[in-house]
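Chain naming here is simple, since letters A, B, ... match the order of the sequence lines and numbering starts at 1 in each.
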Amino acid sequence: MSAPAYKVMLLGQIGVGKSSIVQRLVFDRFETSYKPTIGVDVYRYEAEADDRPVPMIVWDSDGNLGDAMFRHVYLKEASAALIVGDITRQDTIDSMPAIAAAFRTRLPGRSVSFLVNKTDLWDGQALFDAELARDGELIFRTSALTGDNVKRAFAETAKAIVRRTA
Amino acid sequence: MTAALSRMRDAPLVSASRLLAERGFYGIIWVNSDLAVSARYGDLVGFVDVGAPLTDSLLPFAGMEQDLLTLVNKPHSVLDVPSVTIFTKHDRTPRLNLAAVWSQSEQSILVLVSRAVLSSDLEVELNRQIRARLIAEADVVAKSVELQRANGDLQQFASIISHDLKAPMRELRFLADDADTLLAAGDIDQARQTLLAMRQQSRRMSDMMSSLLGYVTAAQRSEALEDIDTAALVTTIVESLPRPAGMTINIDGRWPKMTTLAALLDLVLRNLIDNAISHHDKDTGIISVAVVEEEEALEISVTDDGPGIPPEHQTAIFLPFRTLAAAGANASSSGMGLAIVERALSSIGGSINVASDAPKTRGTSFRVRWPKTISAMLKNRSTSPLAG
Ligand SMILES: Nc1nc2c(ncn2[C@@H]2O[C@H](COP(=O)(O)OP(=O)(O)OP(=O)(O)O)[C@@H](O)[C@H]2O)c(=O)[nH]1
Ligand SMILES: [Mg+2]
């Protein structure tokens, strides 16, 4: 039997780049055309924490599910959530804390982090971490296009999971 | 229907199910009590390895081992995981519906894997269009809010131009007329004087324009968040400002280290301290720059013992160009400093006010509220009619 794999959810509104992030992570590729996710796409990924492999099952969810996500079987036994927002669409950033709160209500104590994505498109004002991460979530400024911080976000999540389950 | 089926011999039923399985409409996986795959049937589940743990190939069940085991001996329970696409290194499955049940007769967990209906390209394309449109609509709403703000800015800008730049423009025209008259009369010396005045006037106007630009863009420059030591910042500012030898500047309170808009804080402090120095009417004096750290904000005060500002002038000092008359042709003070400070502060959710009891008592105190977590920067972002 192989080591247990941890289930990690990618959440966030439509078009913020959840699928692009996991495609960059697993296959190191990026597509500019938008192919919406219907239901969920499930990937295997091996992260690392303190030089040890941490097998993950990454659930790339459908941004259109909205709140229904939190009542869905999809969320069952998830170990962590990475919540993605699109820095060029303020509303998608604003909604991140509420998604985090809903996830925590269903699955208390799990690692939650924020991925502020599409930073390659942004030369505007700074975002205030404290404003966004009210519950101390880690924030990563990512770009699926350039790959910036994508691996790191998952590595930190792996560390948090290992810490919690150790 | 059931009656019809039961009247059938098994053979057509078996051949029909085989046909469907071979065409990849569905597949069945038998799972033993160790949650390893003991058998599979149908092309759709060709990617599942017999003998290996179920979750090695049916990734969506990883983590749900307990839920699978609770199905045992419960013929009526179902564990449904609808609409999943499984990605492997080189391939992806079609969109699948997974349903795990317990088979009493076979004493095994069965996983029925079926192709999700309507997984056609058409459905994906439809979804793409709908979602692309939703995103575009949200963008329009955000843009229109921004546009309203920009319009507000533009209005204010227009009124500044019309009120405050009209008079010096007219003055320039009068001077030109004068020069004309003087030249016609052959009074070269006087004409030269007038030309000099015109040059000064036009320089003053161009100073006004650049400080107006500073004002309009005050809310949007200095975007970088930096980790700074505010004590070091205020000390550097105090040391860099020229002042008479008799002018003492005290830095009071505990200035914290923080992550903030350093350039904007620099702009605010520099303007206030510079004001306190330049509006002082004596060569000796004491200026105090103090801070009190509160839970959500820094309360910064800049207090001087200069002539003070009578209450009736206290609102006007924050308006663009209002001190121009008093400043005369003094190019270093275009009368925009406090207006810029006020605008910059309000763009980050901070504020400024002034206290002075002149002429009864001397001295002015400016109090700034500088938020620690600067609220909704992006929301308050103001668009300038001048900048790009
Ligand atoms: N420039 C840039 N574009 C990106 C980035 N990430 C995603 N995109 C683009 O944004 C669009 C949407 O990306 P997806 O990854 O499909 O978004 P999603 O969050 O999976 O959306 P749903 O599946 O509808 O929930 C695509 O056109 C991507 O090419 C990024 O980091 N930079
Ligand atoms: Mg997607």
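- A:Ser143 and A:Asp148 are not linked by any side-chain donor-acceptor pair at a separation below 3.5 angstrom, with hydrogens and angles left out of the test.
- Pairing each heavy atom of A:Gly39 with each of A:Asp62, the nearest pair is O-CB, 3.0 Å.
- Annotation: side chain to side chain contact (heavy atoms under 4.5 Å, CB included) contacts of B:Ala62 (sequence neighbours excluded): A:Ile57, B:Thr55.
- Close approach to chain B, defined as a heavy atom under 4.5 Å from one of its heavy atoms, is seen in A:Ile14, A:Gly15 of residues 10-19 of chain A, taken by number.
- Proximity to chain A is limited to the side chain of B:Leu134, based on heavy atoms less than 4.5 angstrom apart.
- Neither the backbone nor the side chain of B:Thr93 comes within contact range of chain A, judged by heavy atoms closer than 4.5 Å.
- The shortest distance between side-chain heavy atoms of A:Thr119 and A:Thr142 does not fall below 4.5 Å.
- In this structure, B:Leu71 and B:Ser77 approach most closely via the heavy-atom pair CD2-CB, 3.6 Å.
- Counted by atom type alone, B:Trp102 and B:Ser108 present zero donor-acceptor pairs between their side chains at under 3.5 Å.
- Scanning residues 64-72 of chain A against chain B with a 4.5 Å non-hydrogen threshold yields A:Asn64, A:His72, sorted by number.
- Contact check for B:Pro60 versus A:Trp59: side-chain heavy atoms found under the 4.5 Å cut-off.
- With sequence neighbours left out, B:Tyr26 forms a ring-ring contact (aromatic ring centres under 6.0 Å, His included) with no residue at all.
- The greatest number of non-hydrogen atom pairs below 4.5 Å with chain B, out of A:Val22, A:Thr92, A:Thr88, A:Thr37, is found for A:Thr37.
- For chain B, the nearby parts of A:Asp41 are the backbone and the side chain; heavy atoms of each come within less than 4.5 Å.
- What you find for B:Asp49 and B:Val37 is that their closest heavy atoms are O-CB, 3.6 Å.
- Only the side chain of B:Asp67 has a heavy atom closer than 4.5 Å to any heavy atom of chain A.
- Side-chain atoms of B:Ile348 and B:Pro371, non-hydrogen and from C-beta on, do get closer than 4.5 Å to each other.
- Looking at every heavy atom in both residues, A:Val73 comes nearest to B:Met64 through O-CE, 3.9 Å.
- Classified by interplanar angle (parallel below 30°, tilted 30° to 60°, perpendicular above 60°), the ring pair B:Phe87/A:Phe27 is tilted.
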